[in-house]
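As structure tokens, the structure follows; a few thoughts come after it.
Protein chains get the first letters and strands the later ones, always in sequence-line order, with residue 1 at the start of each.
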Number of protein chains: 4
Amino acid sequence: MNQNLFQEILSSQQKAKLTVKQERVVEAAISLFAEKGYSNTSTAEIAKKAEVSEASIFKQYGTKERLLLSLVIPYAKDFLPAKADEIIQEIRSSNQHMTFEQFLTAFLKNRVAFAAENREVFQVLIKEFIYKEDLKNELLPYFASEVVPRLSKVIASYQARGELRDVETTVLVRMVFTFIGGFLASRFVVLQQSRIEDDEVEAAVQFIMNGISSQH
Amino acid sequence: MNQNLFQEILSSQQKAKLTVKQERVVEAAISLFAEKGYSNTSTAEIAKKAEVSEASIFKQYGTKERLLLSLVIPYAKDFLPAKADEIIQEIRSSNQHMTFEQFLTAFLKNRVAFAAENREVFQVLIKEFIYKEDLKNELLPYFASEVVPRLSKVIASYQARGELRDVETTVLVRMVFTFIGGFLASRFVVLQQSRIEDDEVEAAVQFIMNGISSQH
Amino acid sequence: MNQNLFQEILSSQQKAKLTVKQERVVEAAISLFAEKGYSNTSTAEIAKKAEVSEASIFKQYGTKERLLLSLVIPYAKDFLPAKADEIIQEIRSSNQHMTFEQFLTAFLKNRVAFAAENREVFQVLIKEFIYKEDLKNELLPYFASEVVPRLSKVIASYQARGELRDVETTVLVRMVFTFIGGFLASRFVVLQQSRIEDDEVEAAVQFIMNGISSQH
Amino acid sequence: MNQNLFQEILSSQQKAKLTVKQERVVEAAISLFAEKGYSNTSTAEIAKKAEVSEASIFKQYGTKERLLLSLVIPYAKDFLPAKADEIIQEIRSSNQHMTFEQFLTAFLKNRVAFAAENREVFQVLIKEFIYKEDLKNELLPYFASEVVPRLSKVIASYQARGELRDVETTVLVRMVFTFIGGFLASRFVVLQQSRIEDDEVEAAVQFIMNGISSQH
DNA sequence: AATGAATGAGGCTTCATTCAT
DNA sequence: TATGAATGAAGCCTCATTCAT
């Protein structure tokens, strides 16, 4: 796998009008990968569950790995990057004088909802992200160059307003991502919850904003 | 796999006097599992790396899965549970009038050091914990019954003293575990760092204690 | 193995349209099993003799045991049960006033011919019947409920006519089956004859009818 | 395996004074071979059941096959050949004017008792006799040259006296052996009976003597 | 566009056997 | 004598993939 594959899949997605059978393959693959992991799911199983011949899968995707990436990459794109930008714009434009806490609440609820809606793909993404060096090498730089800077800018602007602690922005960004990543992964992947309640999201926001200490 | 297997492995660990070759098997398996994951590592590879016959591995462990568990479970026991208790005692006895922040710093440094020392096993543990339902079903209850209560007690006592925010203890505990889990997993597994610097641990403590908000 | 497997194999036989290669597998398997026994024949050997990949065998049969049963069970069905009924009808209808000796001669010749035609499968059946508890547990009840009663009825009717010794029918039936079983097994399996001459069949009939004593 | 092996085992048996552990090996092997067959029993299983190391078994027997033969051949010797001669002498000397029916009854009861006493070895013998060409090639000629002639002589002498049907002696001998073989094998091996009742033996003698016909 | 048939490569596991102690 | 440790060879089975139809 290389950069090309990644780009190629991204662009080949555009024109994709899936037939009924192809749709069934996608669903079967996602659900099996989510349940048992990529390595422990055979193409035979996928074909059987999708009620399609194995040959058809290979006709369409070429390799098992391309099947995985075709499922996961478009999702990752929506979850992480450019789209996140739109979200930020959207949220902020709705209220020019929003506090960071308000922004964070809106942002987190939005992402939680998105992950919950596509819970199985999210699980596949996290599991295989950890497991497959390949995927990590694709997604991490992408994340670093597309997502981190956007959030950094937002945080920096709130720091400038004096709302957020005056330490290196990167430190704050890292802590926030660490927590949010842990939050989503633990709930959706480890505990396999199908949703996260609003009050838990709010507790998370409180935690991010104020920690656990009582002193203020 | 069942409770029995878990207990059995734990107890069979006692008498283990490994020969040189057996030692090599352990090392090879850990390093390969850490690098490529359990499912993507064949017993043939392990045997080759350990310069041992495959048959020897199976003589000792019976199945590939028991090999994995024999590596991971004793480590998990040390990382998580009863031992954590000792650590808490040790830390607290060193300074009766310690603040929670001091306690947390000591605790986190201790666990970070332990994870760093056994980085590869830690990686295997996290990866397979996410991947294998089995292992999760063994370890999660164990964690819930052995570790959580101990930390809860500590946190509750500091809440009583007024040092920590006066909200439900479980909420605090969950947030702290979520963050610490995300912290260790992201650094050691996702980013594959070999260590975590003291000042990042301190930044993490700050984050846990006070969040990112400047308001006080 | 269980009742289900037995039934399943029986019914899956219906639709079987074997390809040329699959046909070769059947032939190779029968001949090797007959020659060296099931346990001492490896799937690799079968594949090689059939000039087919091992994978193909497993694609079709799933396990080595199912291969064995797929060969042996349909044959057993034809050799033993319902079909035996037709044979009895056929023989008897050819001559309403047939003596038991005539009937027995016809019956034995018929079964000897059938066993000789499928000598190898017959060998496999006998060998594995003795060897594999499983198969015995499938076939013995089948035999007891399907074959024995039919022959019993015939014998009983001849007893009623006064042609056969007036002792418990079951005793006669047991002795006859014991002898016929020993006769076929010794010739085709132990001595590995490819046929049994007519005069030996007739000698066998004489033995069954009159024993060895000269007194009458 | 060759003639030498056979002779060698026979003679090496003489001096055999088995230690306790060696005795346990013999018992374990017989019982496992009887239950599951030679091919499906591993040396590891035998060692475990005998509470002995595998190495010890190989020290003593060299190969797994020699272990089998060491169990089976001495038994076969006693069951079949020379000893049968003594039995014949013994039986006949007890009553000079014995009828053949009396002789046969005594002979059959004697052999049935012997097989029943050593049921497991008998099972192993029959199973492996059918399964292993080797063993058959050893025992069949032995049987043909040592046992058949002795019985033939007895039968011929009774024919001369007019007690038995006046047909070729070999025909009678074959039929008698076929039946007795089938009788013992079906009861002890197929049906796995632990004994045969006297009245069934008597029914068998009746069958051999007079068949099933009522005409006399 | 779809598939039934086929397979090379490799996976995990078991086996009989050896040998140093 | 007895055995713990080790293994080469082989066993059954699964996998992703190809190709003719």
In whole Å, what is the span from the CD1 atom of A/I46 to the P atom of E/dA2?
17 Å
Listed once per pair and sorted, the ring pair (Phe, Tyr, Trp, His ring centres under 6.0 Å) pairs that draw on residues 23-42 of chain D, sequence neighbours left out:
D/F33-D/Y38
Short side-chain N/O contact from B/Q22 to OP1 or OP2 of F/dA6, under 4.0 Å
yes
Among all residues two or more places apart in sequence or in another chain, which pass the side-chain hydrogen bond (donor to acceptor under 3.5 Å, both in side chains) test with D/Y131?
C/E128
Please report the distance, rounded to the nearest Å, between CD in B/Q60 and P in E/dT13.
15 Å
NZ/NE/NH1/NH2 to OD/OE distance under 4.0 Å, B/K136 and B/E133:
yes
Check every strand shown and say whether B/T19 touches a base, only sugar-phosphate, or nothing at a heavy-atom separation below 4.0 Å.
sugar-phosphate
Round to the nearest Å and state the distance from B/L67 atom CG to E/dG11 atom C1'.
15 Å
Using the test side-chain hydrogen bond (donor to acceptor under 3.5 Å, both in side chains), find all partners of B/K132 that sit at least two apart in sequence or belong to another chain.
B/E65
Output yes when at least one side-chain N/O atom of C/S56 is less than 4.0 Å from OP1 or OP2 of E/dA5, else no.
no
Distance in angstrom units between C/Y61 OH and F/dC12 C1', rounded:
17 Å
Among residues at least two apart in sequence or on other chains, which ones pass ring-ring contact (aromatic ring centres under 6.0 Å, His included) with D/F58?
none
Rounded to the nearest Å, what distance is computed from the CD atom of residue B/E23 to the C1' atom of nucleotide F/dA5?
15 Å
A/I57 atom CD1 is separated from F/dC15 atom P, nearest whole Å, by 13 Å
Mind checking what makes side-chain hydrogen bond (donor to acceptor under 3.5 Å, both in side chains) contact with C/R66, not counting sequence neighbours?
C/E8
Base-pair map of DNA chain F as dot-bracket, where | denotes pairing with a different strand and pairs are Watson-Crick or G-U under 3.5 Å
.||||||||||||||||||||
Starting at CG of B/N40 and ending at P of F/dC15, how long is that distance when rounded to a whole Å?
14 Å
Base contacts versus sugar-phosphate-only contacts with protein, heavy atoms under 4.0 Å: please encode nucleotides 16-21 of chain F as B, S and - from 5' to 3'.
BBBB--
Compare side-chain N and O positions of D/S53 against OP1 and OP2 of F/dT3 and report whether any pair is under 4.0 Å apart.
yes
Distance, rounded to the nearest Å, where A/K36 contributes NZ and F/dC15 contributes C1'
13 Å
Heavy-atom pair of closest approach, residues A/A34 and A/V124
N-CG2, 3.4 Å
Apply side chain to side chain contact (heavy atoms under 4.5 Å, CB included) to C/I30 and list each qualifying residue two or more places apart in sequence or on a separate chain.
C/V26, C/L71, C/E120, C/V121
Could you give all pairs that pass the salt bridge (charged side-chain N to carboxylate O under 4.0 Å, His left out) test and reach residues 43-54 of chain D, with sequence neighbours left out?
B/K59-D/E54, D/K36-D/E45
